[in-house]
Every structure is written in structure tokens, then in C-alpha cells.
Amino acid sequence: MIDDSAKAAARLLSWYDRNRRDLPWRAKPGEAVDPYRVWLSEIMLQQTTVPAAAPYFRNFTERWPTVRALAEAPLDDLLVAWAGLGYYARARNLHKCAQAVVSLHDGRFPGDEAALLELPGIGAYTAAAITAIAFARKATVVDGNVERVIARVFAVADPLPNVKPTLRKLAATLTPDERPGDYAQAMMDLGATVCTPRKPKCMLCPWTEFCEARAAGIAETLPRKVAKTEKPTRRGTAYWLLNPDGAVLLRRRVESGLLGGMTEIPSTAWQAEAPDGAALAVHQPLALSWRALPGLVRHTFSHFHLELAIVTAQAGDGWREAEGLWVPIDRLSDQALPSVMVKVARHALAHA
DNA sequence: AAACCGTGGTC
DNA sequence: TGACCAAGGTT
């Protein structure tokens, strides 16, 4: 077991110095840390892999180099730029947070956890990460990586999420006073590259000698998690409607909830039962004779599977009566289309 | 407090 | 091939 937390921290920091990864948001040695870039990267990395976030981070920082620039941009520009990254409430809160930093803090991020926690989209993890990485102040960062490392080092067998407070307390006992930012990133790097969910590389681990789970031969089985509820399937039909100019009808979804504020191809409600003829008539954007396209578009969201049928029609006179916006096919990339809608558009273009 | 909220890669 | 997984937060 770990009987000397200072020694454990030193061992981890030494490992970190020898295995430092070059990531787009990581300041080079000697380079000043920009809290704006730390914050932006932490939001993008929530439940998101490094390869997925990296191109979005480059695009955002090039286009909006400061929090003030981001605050002054129209929300819809952020949603277009965020499209495809998922969890779109993050983009809405990103905008709110940038505006709060400008209006409440004169354009500078606050440097303590309590003040950061007040900002939209910043929770316990992100507040600690910004405090440690951007402001070099002591804070215990607990993300999925840290939970896994701590559960293994201390052989905590109680399942998540209930055991989370216990893991947090244990993690705090190891946090050193020195180099808080490097230590936070070292813990996450250790979890991401060595103490991995499957087949942990214990031979390369700086903590292998005092890891209780490794000693007990149960490292790969930790942390335990309560079984998740099964995902239901919902079904719907999307309307691929073209006007005489060859533009397609799109709509803006409501601000809250699933894909809030994003652009969609008009469709019926998504329910357990596929829509019947009456439902198709109720939801159609124009009263027309629709032709069914072959196949289905399948997509899985965080908590349900979706099966979408697609019907198509050509609007004649009166196309202006439809509710929504008409977008030329070659301008679809300017829209805030989430991945599921990109799938629908591709399917329609391939089969229409 | 449990549900909601995306996506793409991996095995 | 379908379940699991990733630098979580909000309601």
C-alpha cells in the first residue's frame, strides 16, 4: 500500500516528465499557460477522446483566440463549429460561460474552484482541472481515469457511481503541494496510457510496487460498475423535401434537450412504435405525395437507439409555405448538422 | 437521485 | 456486432 504519499507523487511526476505527451492544448515547457485554452480543452474533452477533440480545439482557437472573441460570436456560429462533437449542451454552455467570464470577471477566468464552479458547464472535475493546470494551485482532479487508478491502487471493490466520494477522498490524500498542474495531468495520462480499462500495462506503471489490486491480481476487474439499463429503440420518419431550386428543407430544433439548437431534417416524433399513416400526415411539412426511400438510417444516442425511415418529395408551387429554411444541397456543410442528420442527408442523397 | 445528454473507436 | 468506453454536467 501507499505509506508515503510524497514518494508516490514524486514517482508519478518523474514518470510524467519522461513520458510527456505533446497535445494541442498543452503548453510547451517554458510557455505561459492560457486559462482560456485550458478551459476550452477541458470542456471539449468531457466524455470525449483526445483524437476527436483535437481538430475541434485547433479550429476554435484559430477562429476565436480569446474568451472575449468567443463571447462576442453568435451562438449559431459556435453550434456549426461544434457539430459532430456531440453533447451539444456543452456548446451552449460554452457560450454562456464565455459571456459570464466577460461580464462578471472582466474577461479573465477566476483562479479558484468555488468561483469556477459557478460558471455554466463547469462542474467539480473541470473546476479542479482549471485550478491546477491553468493557475498552478492545488486541487484534486477526479475524472474517469483517476477513478480507475485510485480504485486499483487502493483495491476499492465497491461499484461506481456510489463509491465516487470514497475515491475522491482517497485521491485527495495523494495530491501533492508541488506542481499541481503536472500532477493532475500525470494522473490522467497514467490512466489513459498505462492503467487502462482493459489489459493495464502494470509492467510500465510507476506505482506497480504498491498497487493493492495488482498484488491481489484483480487490477483489470476494477473499478466495478453497476449494470446500466438497456437502451430502448425509438423509430421515426424523416422528410427529405426539395424545392424547385434544388434546396432542401431544414429546421432548427428547440434550444433545450436532445440536439438542442441544432439543425435537423424535419421528421415525425421518435417513439417506440414506427409512425403510422396518420402520424406521417400530421408531421409532413407540406401536404404532398411522399415516396419512401429504401433502407433505414440507424443511429445510437447516449440513451436510446434510433431507426429512421426516409420519405422524399418534390415541392411545387407553394413550397414557400413550408416552415423552416431552404438550404442548397452544396451548402449543407454550413449548417449545425449533428452526426445523425449527416447520416440522414447522405442516405437521402445516395438513394433519392 | 436517477435520467438525460452524442459520438466514434475498440474488442 | 453489439456492448463498452472516453479529460462530466445538468436537471
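Model, not experiment: these values are computed from the prediction. A note on names: the letters A, B, ... follow the listed sequences, proteins ahead of strands, and every chain is numbered from 1.
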Could you walk me through whether A:W326 and A:W319 pass the ring pair (Phe, Tyr, Trp, His ring centres under 6.0 Å) test, one step at a time? CA-CA 10 Å; A:W326 294 96; A:W319 60 272; 5.5 Å; yes

Can a donor-acceptor pair be found between the side chains of A:W270 and A:S267 at a distance below 3.5 Å? yes

Could you tell me whether the side chains of A:T140 and A:T175 share a donor-acceptor contact shorter than 3.5 Å? yes

If you check every side-chain atom of [X], which of [options] has the closest atom?
X: A:D143; options: B:dT7, C:dG8, B:dC11; result: C:dG8
X: A:Y88; options: C:dG8, B:dT7, C:dA6; result: B:dT7
X: A:Y125; options: B:dT7, C:dC5, C:dG9; result: C:dG9

Counting any heavy atom closer than 4.0 Å, what does A:R21 reach on the DNA or RNA strands: base, sugar-phosphate only, or nothing? base

Give A:L94 one of three labels, base, sugar-phosphate or nothing, depending on what nucleic acid heavy atoms sit under 4.0 Å from its own. nothing

Between [X] ([atom1]) and [N] ([atom2]), how many Å, whole number?
X: A:Y87; N: B:dA3; atom1: OH; atom2: P; result: 15 Å
X: A:K228; N: C:dA3; atom1: NZ; atom2: P; result: 12 Å
X: A:K199; N: B:dT10; atom1: NZ; atom2: C1'; result: 13 Å
X: A:L258; N: C:dT10; atom1: CG; atom2: P; result: 18 Å
X: A:R298; N: B:dG8; atom1: CZ; atom2: P; result: 17 Å

Please state whether the rings of A:F301 and A:H299 are parallel, tilted or perpendicular, taking 30° and 60° as the class boundaries. perpendicular

Closer than 4.0 Å, any side-chain N/O of A:Q47 to the OP1 or OP2 of C:dA6? no

Distance check, P atoms only: C:dT11 and B:dG6, in whole angstrom units. 13 Å

Once hydrogens and angles are ignored, does a donor-acceptor distance under 3.5 Å link the base of B:dG8 to the side chain of A:T48? no

